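What follows is one structure encoded as structure tokens, with my remarks underneath.
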Amino acid sequence: MGFYMIIEIGRLQFDWALITAMIERWRPETHTFHLPISEATITLEDMEVLFGLPVDGLPVAYPHALRDYRGLHYLHMLQRLTGFYPAEETTLSGATRLQLTPVRQHLEAMDAEITNDSPLEVINPHTRLVLLLMFGGVLFPNTSGNLVSLRFLHHLE
């Protein structure tokens, strides 16, 4: 799926002083960083080279039909795509975010079931859960580090 390099990076440690310094040097009118040595811009091609992410193809958009989805809608979608349904609905944070801890625990229990001979019906739901973890824990982490937006589910479909 093109995300292997991102998984290899693992969890990033933020350098808040560096981030603050870069924010102070950002100029939104020109979309550049004004540095002492010159101006710099980060492009999609930079992301492709640094992380091996493909940047060609169709853009990713949030389907209009899902804008009204709330907790139970997403939980049913989660179960349909991954076979996982949290034991407690308190794992939902707000209407669209799920705690990652129960997902990690479920994946650990599933790991023993998957072998080289496992059919796609077993592998695909597991892969979707791993991708959901990657979205919430690596690509788009929140400040708690333990929540993922269930709005990513439509990308797993």
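Starting from 1, each residue takes its place in the sequence as its number. Given the structure is predicted, the values throughout are model-derived calculations rather than measurements.
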If you round to the nearest 0.5 Å, how far is [atom2] of [Y] from [atom1] of [X]?
{"X": "Glu24", "Y": "Thr20", "atom1": "CD", "atom2": "OG1", "value": "6.5 Å"}
{"X": "Thr41", "Y": "His31", "atom1": "OG1", "atom2": "NE2", "value": "9.0 Å"}
{"X": "Arg27", "Y": "His34", "atom1": "CZ", "atom2": "NE2", "value": "5.5 Å"}
{"X": "Leu81", "Y": "Thr127", "atom1": "CG", "atom2": "OG1", "value": "12.5 Å"}
{"X": "Arg104", "Y": "Leu133", "atom1": "CZ", "atom2": "CG", "value": "5.5 Å"}
{"X": "Leu153", "Y": "Leu131", "atom1": "CG", "atom2": "CG", "value": "11.0 Å"}

Kindly give the heavy-atom pair with the smallest separation between [X] and [Y], and that separation in Å.
{"X": "Ser149", "Y": "Arg97", "result": "CA-CG, 4.0 Å"}
{"X": "Pro125", "Y": "Leu120", "result": "CD-O, 4.0 Å"}
{"X": "Tyr74", "Y": "Arg151", "result": "OH-CG, 3.3 Å"}

Q | Parallel, tilted or perpendicular: rings of Phe135 and Phe152 (30°, 60°) | A | tilted
**Q.** Within-4.5 Å side-chain heavy-atom neighbours: Leu100 and Leu147
**A.** no
Q.
With a 4.5 Å cut-off on side-chain heavy atoms, are Pro86 and Leu78 touching?
A. yes
Taking only residues two or more places apart in sequence or in another chain, which ones pass side chain to side chain donor-acceptor pair (under 3.5 Å) with [X]?
{"X": "Arg80", "value": "Glu157"}
{"X": "Thr101", "value": "Asn146"}
{"X": "Asn124", "value": "none"}
{"X": "Ser38", "value": "none"}

Q) ring-ring contact (aromatic ring centres under 6.0 Å, His included) with His126: which residues, sequence neighbours excluded? A) none
Q: Using ring-ring contact (aromatic ring centres under 6.0 Å, His included) as the criterion, list what pairs up with His73, not counting sequence neighbours.
A: Tyr69
Residues in side chain to side chain contact (heavy atoms under 4.5 Å, CB included) contact with [X], at least two apart in sequence or another chain:
{"X": "Pro28", "value": "Trp26"}
{"X": "Ile42", "value": "Phe33, Asp46, Met47"}
{"X": "Ile19", "value": "Phe14, Trp16, Ile23"}
{"X": "Leu18", "value": "Asp15, Met22"}

Q) Checking Arg128 side chain against Leu156 main chain: does a donor-acceptor pair fall under 3.5 Å? A) yes
Q: Output yes when a side-chain donor or acceptor of Thr82 lies under 3.5 Å from a complementary backbone atom of Phe84, and no otherwise.
A: yes
